[in-house]
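Quick notes on the structure that follows.
Atoms within each ligand, like the ligands themselves, are counted from 1 in listed order. Everything numeric here is computed off the predicted structure, so don't read it as measured data.
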Amino acid sequence: MRRPPTAQELTGGNRRALGRAITLIESRRPEDEACAQELLQAVLPQTGRSIRLGVTGSPGVGKSTFIEALGMQLIETGHRVAVLAIDPSSPVGGGSILGDKTRMQELSRQEAAFIRPSPAGDSLGGVARRTQETKLLCEAAGFDVIIIETVGVGQSEFQVASMVDFFLVLMLPSAGDELQGIKKGIMELADALVINKADGETQAVAELTRRQYQSAVQLFSHDPLWTPPVLTCSGLYGNGVADIWQTVETFVQQSRGEGRFEKRRATQRLKWFHDLTRSLLEAFVDGDERVSQLRSTLEAQVRANEIAPYLAARRVVGMLREL
Ligand SMILES: Nc1nc2c(ncn2[C@@H]2O[C@H](COP(=O)(O)OP(=O)(O)O)[C@@H](O)[C@H]2O)c(=O)[nH]1
Ligand SMILES: [Mg+2]
């Protein structure tokens, strides 16, 4: 690529520099990787001064519409908002989440907003890595609210939950007794649940749904200091959007006071480090000729039940130690 942006250009809030920095991070060329990591390391002290909000929910629940409404409100009160959208089903660089229907048109015209689809399906660290690093670059460039949108497919929700300060789960109003089939484990991760599309004919149903979830949340919540509130909202008409942000701010204030805010981030960084170490090790094992040859041999023996799997694994590690 062209000359990579300098740390100064990035932290100076130059949008073109930010765009180029993200392209550098997304590049798969080995020579770009060193450059990208150097830049990231240089701006690391300038990162973290933001509120990181994750938004998930089934396709069509209204995530993009909600984010646009929230983003516009935030900008009016002086915030600078970056939106990263992950669509695990889209090809790298495609970002069909921002496809034809909702491009956050109003928000994307704002000088104080930055919207970027995040490529999915990267082997090293999955969806997470490039989004994590893009998030840091946006912070270094002075964006003080980072919103990460992800559709409830695959592992991306779990990955996004582990890179944000507040994880919001959007749901649709539904009259049934059954709780909607949200994925197992997602309820436990939610810092708040939002019944969206609480407008027009569905407003009453939305309130009913809210009450159902309110009681369900008591069962799932195991945080004595924060019971995830269940709120209603209409991203399309803007009702309730301000209350949701108020909830986020209350949570952030409260958990900062308790020292839990920074602790959660530190835990997330540590997990990221461990995940990456594991991925890099796997990539190394796959990439090394001798190790992968030994592994193929052992695979055949394991399949034929000629060697105990544990012993086989030990042999692989044994070879790594000799390298
Ligand atoms: N009535 C109503 N429709 C909405 C609302 N939010 C989104 N929609 C509509 O739902 C569809 C999907 O919205 P979108 O934001 O793209 O959902 P996403 O797939 O979750 O990002 C679009 O046709 C929106 O106009 C809402 O609050 N109320
Ligand atoms: Mg969307």
Could you give the side-chain donor-acceptor pairs of residues 189-208 under 3.5 Å, partners two or more places apart or in another chain?
unit_1	atom_1	unit_2	atom_2	d
D191	OD1	R264	NH1	3.4
D191	OD2	F167	N	2.7
D191	OD2	R264	NH2	2.9
N196	OD1	G235	N	3.2
N196	ND2	V61	O	2.8
K197	NZ	G60	O	2.8
D199	OD2	S234	OG	2.6
T202	OG1	K197	O	2.7
T202	OG1	D199	O	2.9
E207	OE1	R210	NE	3.2
E207	OE2	R210	NE	3.3
E207	OE2	R210	NH2	3.1
E207	OE2	R211	NE	3.4

- Query: Would you call the rings of F251 and W226 parallel, tilted or perpendicular if under 30° counts as parallel and over 60° as perpendicular?
  - Reply: perpendicular

- Note on the structure: min-distance N/O/S atom, E149 vs the Mg ion (ligand 2), resolves to OE2

- Task: Using a 4.0 Å heavy-atom cut-off, say whether V61 meets ligand 1 through its side chain, its backbone, both or neither.
- Result: both

- Note on the structure: Taking only non-hydrogen atoms of E149 and a 4.0 Å limit, the atoms of ligand 1 in range are 21 (O)

- Item | Polar atom proximity, G60 to ligand 1 (N or O, under 3.5 Å) | yes

- Task: May I ask you to check if ligand 1 and G235 share an N or O to N or O distance below 3.5 Å?
- Result: yes

- Using distance alone, determine whether P59 and ligand 1 share an N or O pair under 3.5 Å. no

- Counting only heavy atoms not in R303, do more than 12 fall under 6.0 Å of its CZ? no

- For G54 and V164, work out which heavy atoms get closest and say how close. N-CG1, 3.5 Å

- Note on the structure: Atoms of ligand 1 under 4.0 Å from any heavy atom of G62, numbered from 1 in the order shown, are 6 (N), 7 (C), 13 (O), 14 (P), 15 (O), 17 (O), 18 (P), 20 (O)

- Message: Need the ligand 1 atom indices (1-based, order shown) with element for anything under 4.0 Å from a heavy-atom of T65.
- Response: 6 (N), 7 (C), 13 (O), 14 (P), 15 (O), 24 (C)

- Item | Enclosure of E306 CD (heavy-atom neighbours >12, cutoff 6.0 Å) | yes

- Out of curiosity, is G57 lining ligand 1, as in a heavy atom under 4.0 Å away? no

- Query: When you check the gap from the basic side-chain N to the acidic O, do R256 and E249 get nearer than 4.0 Å?
  - Reply: no

- Which is it for T202 and ligand 1 at heavy atoms under 4.0 Å: side chain, backbone, both or neither? neither

- Query: Heavy atom under 4.0 Å from ligand 1: found in S58's side chain, backbone, both, or neither?
  - Reply: backbone

- Query: Which of these, S234, S64, C233, G240, has its nearest heavy atom closest to atom 21 (O) of ligand 1?
  - Reply: S64

- Task: May I ask you to check whether T65 brings an N, O or S atom to under 2.8 Å from the Mg ion (ligand 2)?
- Result: no

- Message: So, taking the atom named OG1 in T23 and the one named CG in L18, what distance separates them when rounded to the nearest 0.5 Å?
- Response: 9.0 Å

- Task: Using side-chain hydrogen bond (donor to acceptor under 3.5 Å, both in side chains) as the criterion, list what pairs up with E258, not counting sequence neighbours.
- Result: R260

- Task: Check whether more than 12 heavy atoms from other residues, nucleotides or ligands sit under 6.0 Å from atom CD of Q218, and answer yes or no.
- Result: yes

- With atoms numbered from 1 as shown, which atoms in ligand 1 lie under 4.0 angstrom from a non-hydrogen atom of D199? 1 (N), 2 (C), 26 (C), 27 (O), 28 (N)

- Task: Could you name the option among V241, L236, V55 that has the heavy atom nearest to atom 26 (C) of ligand 1?
- Result: L236

- Side-chain H-bond candidate by donor/acceptor type, K135 with Q132, under 3.5 Å: yes

